[in-house]
Amino acid sequence: MIQPRTVPGTLELLPREQLAFQKMIDTIRAGYERFGFMPIETPVFELSEVLLTKSGGETEKQLYFAQSTGALEQVEAARARGEAAKNPELALRFDLTVPLARYVAQYENQLAFPFRRYQIQRVYRGERNQKGRYREFYQCDIDVVGKDTLPLMYDAEMPAVISEVFRALDFGPFTIRINNRKLLNGLLRGGGIDSPEKRAAALREIDKLEKIGEAKVTEALQGPEVGMSAAAVGRLLEFLKLGRASDAVAQLEKLPETDELFRTGVTELKSVLEAIAALGVPSGTVELDLSIARGLDYYTGTIYETVLNNFPGIGSVCSGGRYDDLAGHYTKSKLPGVGLSIGLTRLFFQLREAQLLKPVDHPTAAYVTLTEPELAADARAIATELRRSGLNVELAAEPQKLPKQLKYADRVGIRFAVIYTHHERERGCVALKDLRANTQRDVQRSELAQAIRSAPTG
RNA sequence: GCGGCCAUAGCUCAACUGGCAGAGCACAGGACUGUGACUCCUGGGGUUACCGGUUCAAGCCCGGUUGGUCGCCCCA
C-alpha cells in the first residue's frame with residue numbers, strides 16, 4: 001500500500017473547512033466587485049521566458065518548471081550529446097502580478113484603461129517548509145493598471161478596498177502599513193548609497209527591523225553589502241522612528257533633506273494618506289510605517305503590508321505597492337500600476353490556528369430518510385417538493401435503519417431530518433426532527449418546507 | 001542552498017536508570033423494541049520510520065538512510 005499523504009506545503013481541507021474557505025473567497029470577491037473591479041483568470045503555467053523576466057536569481061530558485069514527457073526526452077537526448085541543459089519551456093506561476101503584466105501587454109488594444117482587475121487563483125513557490133508558508137497557495141490580487149499615467153488616487157483606493165474586505169471577513173483587528181519607496185531610496189541616495197543593488201540590500205535589512213532589532217540591522221547596514229557609515233545609519237534609524245509619531249507627515253515635511261526623490265515621496269505619501277481618510281477608512285486601520293520596505297524590487301512608490309494585530313508572528317497576509325512600469329518586458333507602452341494581494345492560504349491557516357474561524361452552516365437544509373422500501377416513492381417525492389421550494393436537500397438512496405441515517409445526517413452536519421415511515425403515514429403527516437436542538441414534531445407534508453425555513457437559528 | 005529538533009495504534013501522545021508496548025480520541029458491536037449527538041460496557045487494531053551496531057536484553061544507547069518539522073535566505 002502507498003501511504004496516502006499530501007506534499008508538504010500544500011493545504012487540503014475537509015468539507016466543512018472548505019466551506020469556510022469558500023466563504024472567505026466569496027467575501028473577498030464581493031468586496032472587490034463592490035469597488036468596480038472585473039475578474040480575470042490566467043493559466044497556472046506560463047512560458048518560462050515570460051516568468052523569468054523578473055529574474056533576480058531568487059525567482060529562478062523558487063520556480064517550479066513543468067515539462068511534457070516528450071520535451072523531457074529531448075532534453076535528456078541533448079544532455080547525452082553533451083549539450084548544455086536548458087530550462088524547461090513551461091513553469092508554474094509564482095505570483096499573479098507577472099501574469100497580469102503579460103496579460104495587459106497581450107490584450108492592450110482590447111482593454112479599457114485604467115484597467116481594473118481582480119484575480120483569485122493559486123500560485124506556486126518552491127520553498128523550504130516553514131510555519132505559515134506554503135508551496136501552493138491562494139493569492140487574491142487586485143490591481144489597477146494605467147496607460148502612460150495612473151493617478152495617485154488609486155494608491156489610496158487599494159487600501160480602502162482591502163480595509164473593507166478585511167472588515168467584512170470579520171476576524172479581528174488588522175493594520176495596513178503604508179510607506180513610500182521614494183523616501184528610503186531618496187534618503188539612501190542622498191546619503192551617498194549610489195548603486196541600486198546596495199540600496200536594495202539596504203531596504204531588505206531595514207525591512208527586518210521589527211524582526212531582528214536595531215543592533216543587528218545597524219551591523220548589516222555597516223557591513224560589506226551596503227557599507228554605510230555609523231553616522232549615516234544613526235540618522236537613518238532616527239528617521240525610521242518618525243513613522244510612529246502621529247504628526248509624522250508634518251515632521252517629514254520639515255526635514256532638511258533636499259534629495260528630489262525624497263521630497264516627491266513625502267508629497268505623495270501625504271496626499272495618499274489624506275485620500276485614504278477621505279474614503280472613509282477608519283483611522284488606525286492604515287498606519288504610516290517608514291520601516292516597511294518590501295523585498296521585491298519592482299515597487300517604485302507606495303508600498304503596503306498588512307498584519308493581523310493579534311498575530312504579528314505570521315507576517316504579512318496582504319501586501320503590494322505601486323510600480324511605475326509593470327510590463328516593460330512585454331510591451332513598449334508604459335503601464336504603471338498599483339495593487340495589493342491577499343495571501344489567503346496563510347490568512348486562513350492563521351485564523352484556523354487561532355480558532356477564529358466561524359462555523360459555517362451546512363448548505364444542506366434537510367436530509368430525507370428512507371426506512372421502508374414501499375415508501376421510497378414518497379420519500380423521493382418529498383425531496384423533490386422541498387428542492388422545488390428552493391431548499392437544499394439530500395435524499396437517502398436506499399432503505400436503511402433509522403439510527404444509521406440519523407447518525408449520517410448528524411455527522412455530515414445537516415440540521416433537519418425528515419422522517420416518513422408507516423407510523424407517519426398512518427397519522428397522515430411527516431415527522432421533522434431538528435438534530436441540533438433534539439426536538440421533533442409532526443407537520444403536514446404541504447407545510448414541511450415552510451417549517452424548515454422558519455426554524456429559529458441557533 | 002544552510003542550521004536546530006523530531007519519528008511509538010487511523011489521530012494526539014505515554015512507557016522510570018536499557019527489563020512483558022499503554023491511554024485518550026476515532027472506528028465496530030452492545031446497554032436502548034421506529035431516533036443521531038450525550039452516558040456506560042465490550043472489541044478489533046503495532047515489523048516502535050528504515051538499515052546496521054553495542055548488550056543477556058534496545059521504543060530507549062551509537063552510526064547511517066529516509067521522512068517530517070521549526071528557523072536562516074527570500075516571501076503571501
Side-chain angles (χ1 to χ4, degrees), chain A residues 1 3-9 11 14 28 54 56-63 93-97 120-142 162 200-201 203-205 207-208 211-212 216 220 225 292-297 299 304-308 313-321 339-350 367 369-372 375 399-427 431-441:
Chain A
M1 277 204 307
Q3 180 73 234
R5 55 191 186 136
T6 50
V7 171
L11 181 71
L14 294 173
I28 293 166
K54 200 169 80 175
E58 284 299 327
T59 303
E60 192 164 352
K61 251 167 58 184
Q62 299 200 340
L63 208 56
R93 59 176 174 219
F94 55 87
D95 71 6
L96 299 178
T97 305
I120 301 175
Q121 291 193 275
R122 291 194 247 224
V123 303
Y124 299 84
R125 289 184 196 174
E127 294 191 87
R128 266 284 185 279
N129 204 23
Q130 218 178 120
K131 198 177 179 67
R133 323 222 19 207
Y134 289 88
R135 294 156 81 186
E136 176 187 70
F137 60 97
Y138 269 91
Q139 287 199 324
C140 311
D141 273 39
I142 184 164
I162 294 299
L203 289 180
R204 280 200 300 274
E205 294 307 325
D207 203 43
K208 291 182 207 161
K211 197 166 165 188
I212 66 176
K216 287 193 172 166
E225 283 207 44
I292 70 163
R294 312 277 315 122
L296 297 176
D297 44 10
Y299 294 123
Y304 319 93
E305 205 162 276
T306 310
V307 291
L308 306 182
I314 198 71
S316 177
V317 292
C318 174
S319 50
L340 268 168
S341 176
I342 299 174
L344 183 57
T345 304
R346 172 182 287 185
L347 178 60
F348 181 87
F349 166 81
Q350 183 57 69
Y367 183 86
T369 61
L370 172 57
T371 52
E372 299 159 48
L375 293 176
Q400 265 189 328
K401 290 201 161 127
L402 195 54
K404 215 166 169 150
Q405 299 191 51
L406 293 177
K407 187 171 184 175
Y408 169 79
D410 182 57
R411 187 84 195 254
V412 173
I414 300 173
R415 179 172 174 190
F416 289 102
V418 174
I419 300 169
Y420 187 68
T421 68
H422 66 276
H423 296 94
E424 282 71 33
R425 187 175 56 186
E426 284 160 18
R427 291 202 301 275
L432 178 63
K433 175 159 185 152
D434 184 336
L435 295 171
R436 199 185 303 166
N438 191 21
T439 58
Q440 180 172 335
R441 64 189 175 112

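Proteins come first, then strands; the chains are lettered A, B, ... in the order of their sequence lines, and each starts at number 1. Because the structure is predicted, anything quoted here is derived from the model rather than measured. No hydrogens, no waters, no symmetry mates; every other heavy atom, side chains included, goes into these values.
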Nucleic acid footprint by protein, nucleotides 27-45 of chain B - heavy-atom cut-off 4.0 Å, B for base, S for sugar-phosphate alone: SS-----BBBB--------

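- In the interface, the side chain of A:Arg125 is not paired with the base of B:C75 through any donor and acceptor atom under 3.5 Å apart.
- Between B:A57 and B:G71, the two P atoms lie 43 Å apart (nearest whole Å).
- Contact check, A:Ser319 against B:A76: a side-chain N or O comes under 4.0 Å of OP1 or OP2.
- Contact annotation for A:Tyr134: base contact, defined as any heavy-atom pair under 4.0 Å involving a base atom.
- Closest to the side chain of A:Gln62, out of B:C75, B:C70, B:C74, is B:C74.
- Regarding A:Lys216, its NZ atom lies at a distance of 12 Å from the C1' atom of B:G71, rounded to whole Å.
- A donor and an acceptor atom never sit less than 3.5 Å apart when one is taken from the side chain of A:Arg204 and the other from the base of B:C73.
- Taking atom C1' on both B:G3 and B:U55, the two are 34 Å apart, rounded to the nearest angstrom.
- Side-chain to base pairing of A:Gln350 with B:A76: no donor and acceptor N or O lie closer than 3.5 Å to each other.
- Rounded to the nearest Å, the gap between the C1' atom of B:G44 and that of B:C38 is 24 Å.
- With rounding to whole Å, A:Glu127 atom CD is found 14 Å from B:U69 atom P.
- Only the P atoms considered, B:U48 is 22 Å distant from B:C56, to the nearest whole Å.
- Comparing B:G68 with B:C75, their C1' atoms are spaced 22 Å from each other, to the whole Å.
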For RNA chain B, the dot-bracket pattern of Watson-Crick and G-U pairs whose distances stay under 3.5 Å, | for other-strand partners: (((((((..((((.....[..)))).(((((.......))))).....(((((..]....))))))))))))....

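- What separates CD1 of A:Ile120 from C1' of B:A76 is a distance of 14 Å, to the nearest Å.
- Separating the C1' atom of B:G43 from that of B:C6 is a span of 33 Å, rounded to the nearest Å.
- Of all heavy-atom pairs between A:Gln400 and A:Gln405, the closest is O-NE2, 2.7 Å.
- You'll find the ring centres of A:Tyr124 and A:Phe137 outside the 6.0 Å limit.
- For the P atom pair drawn from B:A49 and B:A9, the interatomic distance equals 8 Å after rounding to whole Å.
- Taking 4.0 angstrom as the limit, A:Gln130 places none of its side-chain polar atoms (N or O) nearer than this to OP1 or OP2 of B:U69.
- Among the atoms of the strands shown, only primed sugar atoms or phosphate atoms (P, OP1, OP2) are found under 4.0 Å from some heavy atom of A:Cys318.
- Screening A:Ile292, A:Leu340, A:Ile162 for a side chain to side chain contact (heavy atoms under 4.5 Å, CB included) with A:Tyr304, the sole residue that qualifies is A:Leu340.
- In this entry the distance linking CG of A:Asp207 with P of B:C73 reads 11 Å, nearest Å.
- More than 12 non-hydrogen atoms from other residues, nucleotides or ligands lie less than 6.0 angstrom from CZ of A:Arg427.
- More than 12 heavy atoms of other shown residues, nucleotides or ligands fall within 6.0 angstrom of atom CD in A:Gln440.
- Using P as the reference atom, B:U42 and B:C5 are 44 Å apart when rounded to the nearest Å.
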Using the side chain to side chain contact (heavy atoms under 4.5 Å, CB included) rule, take A:Asp95 and A:Asp141 through it: C-alpha gap first, then chi angles, then the decisive distance, then the call. CA-CA 9 Å; A:Asp95 71 6; A:Asp141 273 39; over 6 Å; no

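- As a whole-Å value, the separation of A:Ile212 CD1 from B:C74 C1' is 14 Å.
- Across A:Arg125, A:Glu127, A:Gln139, a single residue satisfies side chain to side chain contact (heavy atoms under 4.5 Å, CB included) together with A:Phe94, and that is A:Arg125.
- The distance from atom NZ of A:Lys131 to atom C1' of B:C72 is 17 Å, rounded to the nearest whole Å.
- With hydrogens and angles disregarded, a donor-acceptor distance shorter than 3.5 Å links the side chain of A:Thr369 to the backbone of A:Val418.
- A:Glu136 pairs with exactly one of A:Arg122, A:Arg93, A:Arg346 by the salt bridge (Lys or Arg N to Asp or Glu O under 4.0 Å) rule, that one being A:Arg122.
- Distance, A:Asn129 CG to B:C2 C1': 16 Å, rounded to whole Å.
- Nearest approach of A:Pro399 to A:Thr371, heavy atoms of both residues: CB-O, 3.7 Å.
- Residues A:Pro8 and A:Arg135 come closest through the heavy atom pair O-NH1, 3.0 Å.
- For A:Arg128, no side-chain nitrogen or oxygen approaches OP1 or OP2 of B:C72 to under 4.0 Å.
- A:Gln405 comes within contact range of no nucleotide atom at all, as no heavy-atom separation falls under 4.0 Å.
- Two residues, A:Arg5 and A:Phe137, neighbour RNA chain B, and the one matched to the more 5' nucleotide by heavy-atom proximity is A:Arg5.
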